[in-house]
Amino acid sequence: MVENFPFFSIFLPIFAAIFCMLWHERYAWHFTLGSTAITLLLSLATLNYIYSNALSVTYLMGHFPAPFGNEIRFGALEAFMASLFSGISLLTMWGGTATVRCDIHPSKLRFYYLMENLLLAGLLAIIYSNDIFTTFVFIEIATIAACSLVSAGENGRSLLASFVYLAMSLLGSGLLLLAISILYSITGHLLFAGLAESIASLVATGSYTLPLAVLSALTIAGLSIKSAIFPFHGWLPEAYSSATTPTSALLAGIVTKTYLVFLLKLICRVFGRAYWASMLLSRIFLACGVMAILYGSLQAMRQRDLKQTLSYASISQIGYISVALGVGTIPALVAACFQMVSHALSKSMLFMATAGLAEASQGETSYKTLRGAARRNPVAAAAFVVGALSLVGIPPLPGFMAKLYLAQSALASPEGWLVVPVILLGTVLGAMYYLPALATLFGSDTAAWSDRESAEGDKSPPALLPASLGVFISLTVLLGFFAPQVWQILEQGIINLH
Amino acid sequence: MWLYLRENYYQITAMFLFGIGLSALLLDRNLVKKLIGLNICNSGIYLFLAAQGYIRGGAVPIVADGVQLYINPVPTGLILTGIVISVSVTAFALALVVRLYKRYQTLDIDELSKLVVKEGM
């Protein structure tokens with residue numbers, strides 16, 4: 001029975017999206033919340049079933065066998081990521097409702113939740129799908145949903161940012177589609193299993209070397225644009241910082257990660273790890289990651305707006321993931337997944353905390369207005385501290401564990417001389433932009449501010465955001481303490497990918 | 001060389017189209033022309049995909065008496081899906097362009113970014 005759950009967890013958000021549109025917008029939020037919660041429960045049940053039985057299941061859609069039917073395939077990795085992503089989606093939606101209501105016109109609210117549902121459905125389908133073309137279709141669905149979530153605020157900045165994001169994403173999917181068509185023409189397959197078999201035999205016989213190299217370069221370029229790997233990061237800062245803050249939390253936390261999960265599945269299940277490690281491309285990918293870590297951190301220091309800082313910090317954090325994917329050994333891939341998990345949790349928490357801090361500072365996120373915001377919203381400040389310390393890499397928080405695992409796996413590989421110093425440098429740079437941000441938040445309040453505060457002091461903040469931040473904080477701390485257990489789940493997932 | 005060109009001219013044309021579209025998408029400053037470029041880009045990809053499935057002398061893949069060779073229908077199916085996607089994406093992008101034009105009375109991306117920054121101050 002549990003084998004059917006992933007299918008339901010993809011289709012439930014799609015149906016919820018349709019129902020959001022039909023009824024009064026007052027129900028859209030409740031409806032979405034309910035469907036996302038059920039999706040989360042289904043994913044957790046799948047994870048429990050898969051992990052305790054050490055299984056990986058291939059699920060035939062409509063019971064049509066391989067060359068004709070479509071497949072869903074899931075192991076521990078897919079189930080874990082699906083639970084994480086639907087959990088974060090639930091928490092941002094639950095906690096961010098006040099900010100969303102404030103930023104988005106009431107008549108557009110139901111469309112906002114519709115797109116949020118579609119985004120979740122798209123992401124889950126990308127994670128679970130076992131067919132490269134189906135994945136492409138759901139990538140497009142997720143792209144449209146993500147872009148319309150960015151533009152939902154309908155101010156000039158977010159409209160332009162959304163256009164740039166859309167144009168870049170579509171270029172990325174164009175490259176991916178080109179790669180898929182070359183792949184189909186040399187292998188004749190679209191399902192991962194068939195693709196892996198033919199690519200393995202092509203590599204073994206040494207035929208079609210050039211098309212293989214070209215198509216893997218196109219795939220990597222397309223997915224890099226979508227997940228903002230260093231030279232293709234241009235769309236990210238504006239898109240994240242101009243969107244309404246819960247949307248930024250969702251985008252920064254889970255959307256870019258999903259494309260990297262897909263890339264990881266391609267590396268493990270289609271190209272094969274040995275072939276990936278032998279390619280020049282994996283070295284280039286590693287170098288891009290190194291550049292991303294340095295560039296993102298340096299840019300983050302120069303920003304005068306908290307959301308801009310967090311956006312550039314995301315670029316550098318994604319850099320760690322691409323470094324780990326570039327190293328390419330099994331421990332490094334598990335470290336990449338762990339970094340995805342830790343960054344997804346911490347960065348969504350940071351953005352949600354920013355929403356809380358901004359609420360207490362007239363909706364502004366520039367450092368000037370946020371000075372002393374910690375006193376105005378202590379819970380959000382606490383969440384911000386935990387998130388920032390985690391991403392800087394203070395033990396025992398998950399950001400530290402992720403860096404530790406990455407360094408350990410890199411030391412065992414020939415790239416250790418490059419990766420370990422970069423991690424250390426990245427940690428120092430990370431401290432250099434998070435600590436000034438914390439200093440600003442906890443700095444002394446200006447007199448003018450206290451006056452304005454007391455004037456509207458009677459408006460108490462809604463209790464949902466602090467509650468969701470509390471859940472975020474406890475999840476992050478728990479992830480830090482149970483890192484070895486999570487590592488085991490992810491390792492089983494990666495090994496099962498073969 | 002001549003033989004190579006004659007055998008692969010669909011693919012070569014497709015890559016030319018892709019290049020034209022890509023340069024319009026990246027280099028042109030007008031938002032609508034960017035979108036046109038994107039669509040030309042996509043058409044190039046669809047032509048490439050269709051050429052992969054075409055078999056010289058093959059018939060339309062509908063089973064009929066006396067036909068031995070059919071073309072491969074799978075790429076055609078993929079292209080149909082792709083066209084649906086690019087129509088919906090173009091519609092969404094055009095909606096964004098209309099919003100931007102109503103607000104700023106310009107389609108030039110450089111001017112738009114200047115105006116957006118000025119508005120934010």
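Sequence lines set the chain letters: A, B, ... in the order given, protein chains first and strands last, and positions in each chain run from 1. Reckoned from all heavy atoms, side chains included, excluding hydrogens, waters and symmetry mates.
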Applying a strict 4.5 Å limit to non-hydrogen atoms, the region of B:S86 in contact with chain A is neither

Okay, B:L38 and chain A: the region with an atom under 4.5 Å from a heavy atom over there is side chain

Turns out that what part of A:S162 lies under 4.5 Å from chain B's heavy atoms comes down to both

Cut-off 4.5 Å, heavy atoms of chain B, and the answer for A:I182 is both

### Query
Angle class for the A:F230/A:H233 ring planes (parallel below 30°, perpendicular above 60°, tilted otherwise)?
parallel

So, the part of B:L112 with a heavy atom under 4.5 Å from chain A: the answer is both

(request) Spell out, as yes or no, whether a donor-acceptor pair under 3.5 Å connects the side chain of A:S173 to the backbone of A:S169. (result) yes

Query raised in the report: Is it true that B:D110 and B:R29 have a side-chain N and a carboxylate O under 4.0 angstrom from each other?
Result: yes

Side chain to side chain donor-acceptor pair (under 3.5 Å) filter on A:S148, not counting sequence neighbours, yields none

So, the part of A:L166 with a heavy atom under 4.5 Å from chain B: the answer is side chain

So, the part of B:L115 with a heavy atom under 4.5 Å from chain A: the answer is neither

Point to revise | Donor-acceptor under 3.5 Å (A:Y112 side chain, A:A152 main chain) | key: no

Of B:V84, B:V74, B:L26, the largest count of non-hydrogen pairs under 4.5 angstrom with chain A goes to B:V74

Okay, A:F163 and chain B: the region with an atom under 4.5 Å from a heavy atom over there is both

Could you list the donor-acceptor pairs under 3.5 angstrom formed by side chains in residues 52-68 of chain B, with sequence neighbours left out?
residue	atom	partner	partner atom	Å
B:Q52	OE1	A:S185	OG	3.4

CG of A:L236 to CD1 of A:I225, rounded to nearest 0.5 Å, is 13.5 Å

Cut-off 4.5 Å, heavy atoms of chain A, and the answer for B:L78 is both

